[in-house]
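Accompanying notes for the structure given below.
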2 protein chains.
Amino acid sequence: MTVNANTVNIKSDEAYHHGDLRAAAIALGLEKLASQEVPDLGLRAIARELGVSATALYRHFAGKEALLEALAAEGIRQLGASQKAAAQRAGGGTAAFQATGVAYVEWAVANPALFALTFAGKTRPNLAMSDADGDENEAFRQLQAGISSVLPAMAPSADRASAAMHAWSLVHGLANLILAGQIDDDPQVIRSVVAHTFGLGGGAADCA
Amino acid sequence: MTVNANTVNIKSDEAYHHGDLRAAAIALGLEKLASQEVPDLGLRAIARELGVSATALYRHFAGKEALLEALAAEGIRQLGASQKAAAQRAGGGTAAFQATGVAYVEWAVANPALFALTFAGKTRPNLAMSDADGDENEAFRQLQAGISSVLPAMAPSADRASAAMHAWSLVHGLANLILAGQIDDDPQVIRSVVAHTFGLGGGAADCA
DNA sequence: ACAGTCATGTTAACAGCATAAACATTCCGA
DNA sequence: TCGGAATGTTTATGCTGTTAACATGACTGT
């Protein structure tokens with residue numbers, strides 16, 4: 001296992017000035033994103049806040065876009081981890097599937113800027129199509145696992161793929177609409193909308 | 001004096017140099033958005049391309065954000081019109097409802113930058129909550145009409161609201177995921193994913 | 001018709017941004 | 001120890017949004 005340079009590894013102190021600048025930049029970027037609603041990060045601002053010259057970051061990133069991609073990778077990793085934790089907490093089966101959906105939306109709402117960045121532009125890595133081996137694909141793996149727990153294993157793969165896209169679209173759209181201020185950020189609403197589709201096998205945990 | 005033949009003139013002739021600059025800026029903005037994937041419009045670029053000084057636009061827009069909002073308003077108007085046309089083309093009932101969903105996604109895919117702009121940031125007007133009287137609310141009105149055609153009129157308004165959010169989230173998420181390159185832009189896929197929910201008819205009925 | 005006001009344009013200037021080129025330093029392996 | 005690679009700095013270029021001060025043309029009230 002190679003050391004993943006992307007991970008947020010804040011060595012306690014005495015770190016970066018002549019240490020690991022790349023990691024420090026990513027850590028600070030995440031920190032700034034966490035306290036912002038819109039991902040308008042600036043290289044200069046990061047460098048300044050890091051006590052380093054503006055152009056120093058070019059030794060570690062090809063440009064602004066490269067830094068943003070690194071942050072996006074971290075974002076998708078966190079999202080996947082959050083979903084995985086929610087699924088485990090819920091046990092298994094349909095409940096776990098719904099939990100991943102709710103976790104998706106809640107993570108997005110809790111991390112607006114990072115979520116926006118993660119899915120911004122066409123330059124981002126294609127999550128669904130990649131071979132789901134990397135650590136950053138936990139999100140899609142959770143989706144597939146959820147599908148498996150709801151649809152019988154013998155269902156045609158076309159149905160499974162369609163269901164996956166359906167579920168993903170639902171939570172993704174709900175998250176985006178909430179972030180756009182078009183739908184209220186109400187846990188009850190989120191749960192209800194998600195349950196409506198994610199429980200599709202049996203329908204209606206919510207309707208009773 | 002030279003009338004710029006490139007621009008899509010809203011006002012018939014005798015255009016903008018000492019005419020209607022605001023309209024010209026919006027028209028050019030839309031034109032530029034149409035040939036771009038990402039809404040990185042620049043005030044200076046627009047002014048330059050319009051043959052006018054950079055600061056002239058400040059006589060008509062409070063700032064860049066204001067111009068973007070004007071463009072977003074035009075975007076939501078076009079989206080609603082597209083949905084309305086699709087619904088009428090489809091006749092009525094469930095088919096029309098599905099058609100509005102497909103139209104939503106297809107319009108978004110056909111106008112990536114404008115669609116992104118329309119739903120970017122929290123500063124945009126809240127479509128769902130406003131009183132649906134203005135011309136720009138056709139999109140939400142279509143959504144409600146579609147819901148009405150699928151859910152029985154006597155259904156509790158909570159169910160109707162939930163169904164509306166559900167449908168909206170689905171198409172919105174599907175559009176965004178396609179634009180993010182995560183789902184293939186395949187008409188067959190769009191139709192299938194949309195039909196899955198928009199034809200639910202039964203989804204809510206199951207609960208009763 | 002004339003004067004004044006207001007809408008609309010102009011130029012100049014400021015601060016901030018991403019990025020590139022040339023230069024300096026530090027570190028590490030042969 | 002020496003030389004090159006890695007890392008950081010200064011300087012410079014050209015972009016951006018935005019403000020301030022100034023010009024000018026058109027409309028309006030008397």
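Within every chain, numbering begins at 1; the chains are lettered A, B, ... in the order of the sequence lines, protein sequences first and strands thereafter.
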Query raised in the report: Could you run down nucleotides 12-17 of chain D 5' to 3' and tag each one B, S or - for protein heavy-atom contact under 4.0 Å?
Result: ----BB

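Nearest approach of B:I46 to B:L67, heavy atoms of both residues: CD1-CD2, 3.6 Å. Closest non-hydrogen pair, B:W107 versus B:S82, comes out as CD1-CB, 4.0 Å. Across B:S169 and A:I183, no two heavy atoms sit closer than the pair OG-CD1, 4.1 Å.
Remark: P of D:dT18 and CD1 of B:I46 are 12 Å apart, rounded to the nearest angstrom. Straight-line distance from the CZ atom of A:R59 to the P atom of C:dA20: 12 Å, rounded to whole Å. Distance, A:F61 CZ to D:dT7 C1': 14 Å, rounded to whole Å. Atom CG of A:L21 and atom C1' of D:dT9 are 13 Å apart (whole Å). Protein atom CG of B:L57 is 9 Å distant from nucleotide atom P of C:dG9, rounded to whole Å.
Remark: B:E74 engages B:R77 in a salt bridge (charged side-chain N to carboxylate O under 4.0 Å, His left out) (not counting sequence neighbours). With sequence neighbours excluded, no residue forms a salt bridge (charged side-chain N to carboxylate O under 4.0 Å, His left out) with B:K64.
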Requested in this report: Might you work through the side-chain contact (heavy atoms from CB on, under 4.5 Å) test for B:L21 and B:R59, ending with a clear yes or no?
Outcome: CA-CA 9 Å; B:L21 180 60; B:R59 297 296 170 194; over 6 Å; no

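Residue B:H60 places at least one side-chain N or O under 4.0 Å from the OP1 or OP2 atom of C:dG9.
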